[in-house]
Amino acid sequence: MSQTIPNHVPMSQFSVRASQLLIGEKSLDEIAVMLGKDVFYAYDSAVINQKIQQFRQNMPDRIKLHYAIKANPYPPLVGRMVGWVDGFDVASHREMLVALQSGMRLQRLVLQVQLNNYLSWLLLLSQA
């Protein structure tokens with residue numbers, strides 16, 4: 001019985017060298033050596049920024065782009081997003097702290113507040 005090898009969706013946003021995707025101009029093998037491990041997440045800030053700019057070019061100016069920290073709260077990634085998006089969507093105390101530590105202004109945060117947490121949000125905001 002022959003097994004079909006799955007095909008990945010084309011990833012044309014990344015350059016390729018020697019059959020390896022390049023992330024920030026580094027091959028996956030080079031990143032693995034730098035990190036000293038084979039399992040890791042790799043983010044290419046140029047690709048992220050390019051996708052954000054592509055979104056903005058295709059949307060009216062009145063549309064404001066916010067990043068939901070819940071999608072990926074990795075602090076270095078959130079920090080890079082500060083200059084690229086109009087604000088952050090936060091839904092927990094931890095997400096609020098990540099957003100504030102990133103340098104995003106408090107006025108540019110959208111808080112997803114449940115009524116039972118309202119007082120604790122107020123306390124957190126008063127300390128920001």
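Computed from a predicted model, the values in this text were never measured in an experiment.
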Among residues at least two apart in sequence or on other chains, which ones pass side chain to side chain contact (heavy atoms under 4.5 Å, CB included) with [X]?
X: D44; result: F14, I23, A46, V47
X: P75; result: none
X: V16; result: L21
X: A68; result: D89

If two hydrophobic side chains count as joined below 4.5 Å and joins carry through other members, does [X] share a cluster with [Y]?
X: L100; Y: Y67; value: yes
X: I52; Y: V82; value: yes
X: I69; Y: F55; value: yes
X: V78; Y: V110; value: no
X: I63; Y: V85; value: yes

Q: Check step by step if side-chain contact (heavy atoms from CB on, under 4.5 Å) holds for L109 and H66.
A: CA-CA 8 Å; L109 303 181; H66 283 235; over 6 Å; no

Q.
Using side-chain heavy atoms (C-beta onward) and a distance below 4.5 Å, is Y41 in contact with N72?
A. no

Q) Atom CG of L65 and atom CH2 of W84: how far apart are they, to the nearest 0.5 Å? A) 12.0 Å

Q) So how far is it from F88 CZ to M104 CE, rounded to the nearest 0.5 Å? A) 4.0 Å

(Q) Test: side chain to side chain donor-acceptor pair (under 3.5 Å). Region: residues 10-19. Which pairs qualify, not counting sequence neighbours? (A) R17-E30

**Q.** side chain to side chain donor-acceptor pair (under 3.5 Å) partners of residues 54-64, not counting sequence neighbours, each pair once
**A.** R56-D86

Q: Determine, step by step, whether I48 and L77 satisfy the side-chain contact (heavy atoms from CB on, under 4.5 Å) criterion, reporting the C-alpha distance in whole Å, the side-chain angles of both residues, the deciding distance to 0.1 Å, and the verdict.
A: CA-CA 10 Å; I48 295 168; L77 175 63; 3.6 Å; yes

With [X] via side-chain hydrogen bond (donor to acceptor under 3.5 Å, both in side chains) - residues at least two apart:
X: Q20; answer: D29
X: S102; answer: none
X: Q53; answer: N49
X: R80; answer: S45

(Q) Holding to salt bridge (Lys or Arg N to Asp or Glu O under 4.0 Å), I want the full list of residues that pass it with K51, two or more places apart in sequence or in another chain. (A) none

Q | ring-ring contact (aromatic ring centres under 6.0 Å, His included) partners for Y74, two or more places apart | A | Y43

